[in-house]
Number of protein chains: 2
Amino acid sequence: MPKNLQQELRGSMPSTLGIKGNPNAGPKTQFLEPIELEVIHIFVQAAQILGLPKSVGEIYGLLYCSLDPLTFDEIMRLLKISKGSTSQGLRFLRNIRAVNTVYVEGNRRDHFVAELRLRNLSAGFLRERIMPHLENGEERLTDLQKLLEDSPPEKRKILEERMGYLHTWNKKARGLLPWVLKFIDT
Amino acid sequence: MPKNLQQELRGSMPSTLGIKGNPNAGPKTQFLEPIELEVIHIFVQAAQILGLPKSVGEIYGLLYCSLDPLTFDEIMRLLKISKGSTSQGLRFLRNIRAVNTVYVEGNRRDHFVAELRLRNLSAGFLRERIMPHLENGEERLTDLQKLLEDSPPEKRKILEERMGYLHTWNKKARGLLPWVLKFIDT
DNA sequence: AGAATAGTTCAAGAAAAAATGAACTCGATG
DNA sequence: CATCGAGTTCATTTTTTCTTGAACTATTCT
């Protein structure tokens, strides 16, 4: 179970989609406008709530308010972040399907676009980041039953009851996820 | 809007409840048993998912598997954490109503017990930690509308649409909370 | 094949968050 | 009203997490 982002980032990655970007898009501006900065800020905050690094929020925010797909370099330059952060941030965002790559004619570089549909975003996040934790928790709970066996009887009874609650919680949480997805489905 | 836990901890605190603990409870053991360590570990992990400090998970975990209310000192000693962490951890947990204080006859010290009902726990967490973020987000979004006004028309149209999505998200998220609470109500 | 381009990796440095503990507050006690 | 006990505060230290950038890999171009 990955404990921090860097570890988690060393995971798999989805392949490029076949969607076409706008091949006529000219060279992007060199600077971010106030609106863009503000939108980015919102996503940086959101990232912090979710326990993600600032750079991830920045990248997603930038793509969220960009009218055209952006390249690796553009993202790096506009946000003034390092190659490493750009690479890792994009990787993470692609893993959770918050960002997709699109093919742009006559250009070798990857072009990135934000997934705008809330449902897909949440689904990716829940699938990649929440579910694994819940499943791991379930395992640990099961292992715990064994330890419980050689526990003084008075104590054991109460502990067993409380472990039961934990199981229920875990099950509920997992049952909740599909429901949440349905609810937020636009 | 508090950015880290230490800041947030400098908040209000609910008062002691009138529930009675067991006044006959003898002196607690000096060491934690394997089961207890394991339960605590589960809560430490959970704390990490939620972006809370380890110590908070430890304290809640300890109280979760304790048969009797514990005092400040006992918590500190059993977990081998500092006075400061104990104080702040307990404060946070009381703020979100994950822990309550109970009165124990003839003993001046506070005695702490874990809230075992999932619903109350989640409610506290959502109310104290999630809602404020969502509300703040809504404000920022509203402010953003103004910035949008002096934006080039072609761009403006698309951005307005996307800001609209954000509003919808926010509203949905806030609408989701009561529903989640109902779902997890045992 | 060799050079150039595009992106990845990861050790090391920087920044942020959490833990510590000494000084402090506040109420109870003699 | 001075002292003690119980807990809080917050500047400092420690730990954790994020960012950086140089070295590396893979792919395209000539």
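Labels below follow one simple rule: chain letters A, B, ... track the order of the sequence lines, proteins then strands, and each chain is numbered from 1. Both backbone and side-chain heavy atoms feed into the values below; hydrogens, waters and symmetry mates do not.
- Comparing G84(B) and F112(A) against DNA chain C, the residue whose closest nucleotide sits nearer the 5' end is F112(A).
- Each of S87(B) and S55(A) lies near DNA chain D, and the nucleotide nearest S87(B) is the one positioned closer to the 5' end.
- We find that CZ of R77(A) is positioned 16 Å from P of dT20(D), with the value rounded to whole Å.
- In this entry the distance linking CZ of F72(B) with P of dG21(C) reads 13 Å, nearest Å.
- Between F92(A) atom CZ and dT8(C) atom C1' there is a gap of 18 Å when expressed in whole angstrom units.
- Checking dT8(C), dA18(C), dT8(D) against the side-chain heavy atoms of R94(B) singles out dT8(D) as nearest.
- At whole-Å resolution of the value, NZ in K54(A) and P in dA14(C) are 16 Å apart.
- Rounded to whole Å, atom P of dG21(C) lies 14 Å from atom NZ of K80(B).
- Relative orientation of the F43(B) and Y64(B) rings is tilted, given thresholds of 30° and 60° on the angle between their planes.
- Rounded to a whole Å, the CD atom of E74(A) is 17 Å from the P atom of dT5(C).
- Taking a cutoff of 4.0 Å between a charged side-chain nitrogen and a carboxylate oxygen, E74(B) and R109(B) do not qualify as a salt bridge.
- By the side-chain contact (heavy atoms from CB on, under 4.5 Å) test, S122(A) pairs with L118(A), L181(A), I184(A), sequence neighbours left out.
- R162(B) places a side-chain N or O within donor-acceptor distance of the main-chain N or O of S66(A), the cut-off being under 3.5 Å.
- Atom C1' of nucleotide dA17(C) and atom CG of L52(B) are separated by 12 Å, given to the nearest angstrom.
- A donor-acceptor contact under 3.5 Å links the side chain of R108(A) to the base of dT27(D).
- When each of dT20(D), dT27(D), dT20(C) is scored by its nearest atom to the side-chain atoms of S82(B), the top-ranked nucleotide is dT20(C).
- Here F112(A) pairs with nothing under the ring pair (Phe, Tyr, Trp, His ring centres under 6.0 Å) rule; sequence neighbours left out.
- Atom-to-atom, CD1 of I59(B) to C1' of dA19(C) comes out at 11 Å; the value is rounded to the nearest Å.
- Comparing dA6(D), dC10(C), dT8(C) against the side chain of R109(B) picks out dA6(D) as the nearest.
- Heavy atoms of I81(B) sit under 4.0 angstrom from primed sugar atoms or phosphate atoms, though from no base atom.
- Distances shown here put a side-chain N or O of S85(A) below 4.0 Å from the OP1 or OP2 atom of dT20(D).
- Considering only side-chain atoms of Q88(B), the nucleotide from dA19(C), dT8(D), dC10(D) that sits closest is dC10(D).
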